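Reviewing the structure listed below.
Here the structure is a predicted model, which means the values were calculated and not measured.
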Amino acid sequence: MVAPGEPLFTEEDRAWAEALKVVEADTCPGCGEQWSESSAPENEFEYTASLVICHACGIAAKTIKAHQDNKGTVDGLHVHVQHRKHARG
């Protein structure tokens, strides 16, 4: 809790926020690797990739496709995915 007259953010808080901005600016939004390293020409063959199936995303995609196949609109559509063991009812 911030007391009256105390700053909401300390100098240390600001330093951490600035450091995070630097890290985020050097992060690829697709894979999360560092741009400065992953885009360097000498690292072209230094990465491997594997395919992973997210079963939650898979069932979401199948549910959307079934909805579209039944002429349902996807305008504003959101998909709620829940693991069966956490489902209510």
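- Summarising the local packing, CD1 of Ile53 is surrounded by 12 or fewer heavy atoms from other residues, nucleotides or ligands at distances under 6.0 Å.
- Side-chain heavy atoms closer than 4.5 Å link hydrophobic residues (I, L, V, M, F, W, Y) into clusters, and following such links, even through other members, never connects Phe9 to Val22.
- More than 12 heavy atoms of other shown residues, nucleotides or ligands fall within 6.0 angstrom of atom CD in Glu42.
- With rounding to the nearest 0.5 Å, the separation of CG in Leu8 from CZ in Arg14 is 9.0 Å.
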Do Val74 and Gln68 pass the side-chain contact (heavy atoms from CB on, under 4.5 Å) test, and can you show the C-alpha distance, the side-chain angles, and the key distance before you say yes or no? CA-CA 7 Å; Val74 293; Gln68 288 176 307; 3.5 Å; yes
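- Under a 4.0 Å N-O distance rule, the pair Lys21/Glu24 does not qualify as a salt bridge.
- A distance of 10.5 Å separates CG in Asp26 from CD in Glu33, rounded to the nearest 0.5 Å.
- Within the structure, every pair that satisfies the ring-ring contact (aromatic ring centres under 6.0 Å, His included) test and touches residues 66-85, not counting sequence neighbours, is listed here: His83-His86.
- Listed here is the closest heavy atom pair of Asp13 and Thr10: OD2-N, 2.8 Å.
- Closest non-hydrogen pair, Thr27 versus Gly32, comes out as CG2-O, 3.5 Å.
- Note that the CG atom of Asp69 and the NZ atom of Lys62 stand 13.5 Å from one another [nearest 0.5 Å].
- A donor-acceptor pair under 3.5 Å is formed between the side chain of Glu6 and the backbone N or O of Ala3.
- Identified under the ring-ring contact (aromatic ring centres under 6.0 Å, His included) test for residues 36-63, with sequence neighbours left out: none.
- By the side chain to side chain donor-acceptor pair (under 3.5 Å) test, Trp35 pairs with no residue at all, sequence neighbours left out.
- Taking CG of Asn43 as the start and OG of Ser36 as the end, the distance is 9.5 Å to the nearest 0.5 Å.
- Considering every non-hydrogen atom in both Pro7 and Val2, the closest pair reads O-CG1, 3.8 Å.
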